[in-house]
Trainee: 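Handing you this structure, nothing more for now.
Reminder, nothing fancy here: chain letters follow the sequence lines and each chain counts from 1.
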2 protein chains.
Amino acid sequence: MAYRETDLVRQRKVAQKSGLLHTAEALVREGGFAALTIQAVAEGAGIGVGTVYRYFSGKDELATEVFKRATSREVSAVREALNGGGGPAACLATAVEVFAVRAFAAPKLAWALIAEPVDPAVDIARLQYRKTYTALFETVVQNGIVSGEFAPQSAALSAAALVGAMAESLLGPLDSPVCDADTIAALRLFCLRAVGARC
Amino acid sequence: MAYRETDLVRQRKVAQKSGLLHTAEALVREGGFAALTIQAVAEGAGIGVGTVYRYFSGKDELATEVFKRATSREVSAVREALNGGGGPAACLATAVEVFAVRAFAAPKLAWALIAEPVDPAVDIARLQYRKTYTALFETVVQNGIVSGEFAPQSAALSAAALVGAMAESLLGPLDSPVCDADTIAALRLFCLRAVGARC
DNA sequence: TAAAGGTGTGAATCATGGCTCACTTGTTTG
DNA sequence: CAAACAAGTGAGCCATGATTCACACCTTTA
């Protein structure tokens, strides 16, 4: 017997994988998932193409992981806003604000996560992430209905519609990299009216 | 001199091109734009691959034309609803209904037009078509604001948000090919509340 | 019918980008 | 150090599907 993986090696591997994900996300942040090629990741990380395959089974896995990482950060931020203090209306307003501000802060990434044409594997992850968002909003809408702050409605459908409204209405404004306060305010009002929040 | 295109030939060419578009749309209706290959179109029309290129400069042109044709039918239907009798609220309600019912009638096509990952060329057309939809809704929202039937708001943003809400909230339900009346009713109410229509 | 000017054809070519694999280069331990 | 075992490498392979093109076959007119 002569070789066994040590902690040092293990750490190095973790760091390498993490670095690859970082490089990959930078590419997506810059040019969307279209810019995410194994070649580019390898070059960006200063390693050979084959090495990438030591850490990811294939492009799908890499792309999906990048998507999930970036997405879960966004979801967490929105979740935090929705669970923050105040009633359903206040929470919803804050969540919309957080979603929009973060999107404006990284417009290309937001576009990549929301609307860019991507591989089916990533699209499946996107479906999942939309479901997650919808579930978050569904809870708030439900709370609002119960408390009487919101109108009676199908919480599930309204939640999906809110997610769609937020995404679609930002796609245009995201083209100009300026964080547009008016747009955000208008979107907040739209969402609040949509759930029948007491003015 | 010995040859000049006659009407007969011209007619034949028009018919051939129209037939190719028909075949192509059938493929999209069946399996989305992913199923739209030059090979498949040629086979479906019973002609050679090369012949397709006598009628379209390339795949992009063919795909874009299929998209535009299908889309303009949908837009027309919605436009008609929006220009129908009644006040802004009634028009908006009808338009939402028309959009949703038509989507449920051809779910795969609706998905292809709304959300399927497609070639950039088609995506550009999609952007245009979303703008067109948004413009249609913007007019109604504006009318409603002026007439006092709707709340004061940014008509442009609300219109985009409405389009997003309609698209996103249907994507899930479209999976099951049943025209779901409850879903449509809930969506109608959501949209009316969103623009602040008088209950 | 001959000449002119199409249209139809599909095997072959190209372009793209993921992926492999025979090999080199570490790393660990006795 | 030598043996044992991974990790690193990147030129070339491969799959997919669009596109071409040299040639055969129609249509029209003088």
Trainee: Give every residue pair that meets the side-chain hydrogen bond (donor to acceptor under 3.5 Å, both in side chains) criterion with at least one member in residues 7-29 of chain B, sequence neighbours excluded.
Mentor: Glu5(B)-Arg10(B), Glu5(B)-Lys13(B), Asp7(B)-Arg10(B), Glu25(B)-Arg29(B), Glu25(B)-Arg73(B)
Trainee: Is the phosphate of dA7(D), meaning OP1 or OP2, less than 4.0 Å from a side-chain N or O of Tyr55(A)?
Mentor: no
Trainee: Taking distance alone, no hydrogens or angles, what donor-acceptor pairs closer than 3.5 Å link side-chain atoms of residues 32-48 of chain B to residues at least two apart or in another chain?
Mentor:
unit_1   : atom_1 : unit_2   : atom_2 : d
Thr37(B) : OG1    : Ala40(B) : N      : 3.0
Gln39(B) : NE2    : Glu43(B) : OE2    : 3.2

Trainee: Rounded to whole Å, please give me the gap between CD in Gln11(A) and P in dT27(C).
Mentor: 14 Å
Trainee: Using side chain to side chain contact (heavy atoms under 4.5 Å, CB included) as the criterion, list what pairs up with Ala135(A), not counting sequence neighbours.
Mentor: none
Trainee: Can you tell me which nucleotide in dT9(C), dT28(C), dA22(C) comes closest to the side chain of Arg54(B)?
Mentor: dT9(C)
Trainee: Look only at the side chain of Arg193(A) and the backbone of Ala197(B), and say whether a donor-acceptor pair between them is shorter than 3.5 Å.
Mentor: no
Trainee: Tabulate below the donor-acceptor pairs under 3.5 Å that side-chain atoms of residues 85-101 of chain A make, not counting sequence neighbours, or state none.
Mentor:
unit_1   : atom_1 : unit_2    : atom_2 : d
Thr94(A) : OG1    : Ala90(A)  : O      : 2.8
Glu97(A) : OE1    : Arg188(A) : NH1    : 2.5

Trainee: Is there any side-chain hydrogen bond (donor to acceptor under 3.5 Å, both in side chains) pair reaching into residues 98-120 of chain B, and which pairs are they, with sequence neighbours excluded?
Mentor: Glu74(B)-Arg102(B)
Trainee: Using heavy atoms and a sub-4.0 Å distance, could you list which residues of residues 12-26 of chain B are near DNA chain C? By number, please.
Mentor: Lys13(B), Gln16(B)
Trainee: Just N and O in the side chain of Thr51(A): are any of them under 4.0 Å from OP1 or OP2 of dA7(D)?
Mentor: no
Trainee: Could you list the residues that satisfy ring-ring contact (aromatic ring centres under 6.0 Å, His included) with Tyr129(B), not counting sequence neighbours?
Mentor: Phe67(B), Tyr133(B)
Trainee: For nucleotides 16-20 of chain D, print each protein N/O atom paired with a nucleotide N/O atom at under 3.5 Å, atom names and distance only.
Mentor:
unit_1  : atom_1 : unit_2   : atom_2 : d
dA18(D) : OP1    : Lys59(B) : NZ     : 3.0
dA18(D) : OP2    : Ile38(B) : N      : 3.3
dT19(D) : OP2    : Tyr53(B) : OH     : 3.1
dT19(D) : OP2    : Lys59(B) : N      : 2.7

Trainee: Grab the CZ-C1' distance between Arg10(A) and dT27(C) for me, whole Å please.
Mentor: 13 Å
Trainee: For Ile47(A) and dG26(C), what is the distance between atoms CD1 and P respectively, to the nearest whole Å?
Mentor: 15 Å
Trainee: When the distance from CG of Asp119(A) to P of dG18(C) is rounded to whole Å, what number comes out?
Mentor: 8 Å
Trainee: Residues in side chain to side chain contact (heavy atoms under 4.5 Å, CB included) with Ala181(A), at least two apart?
Mentor: none
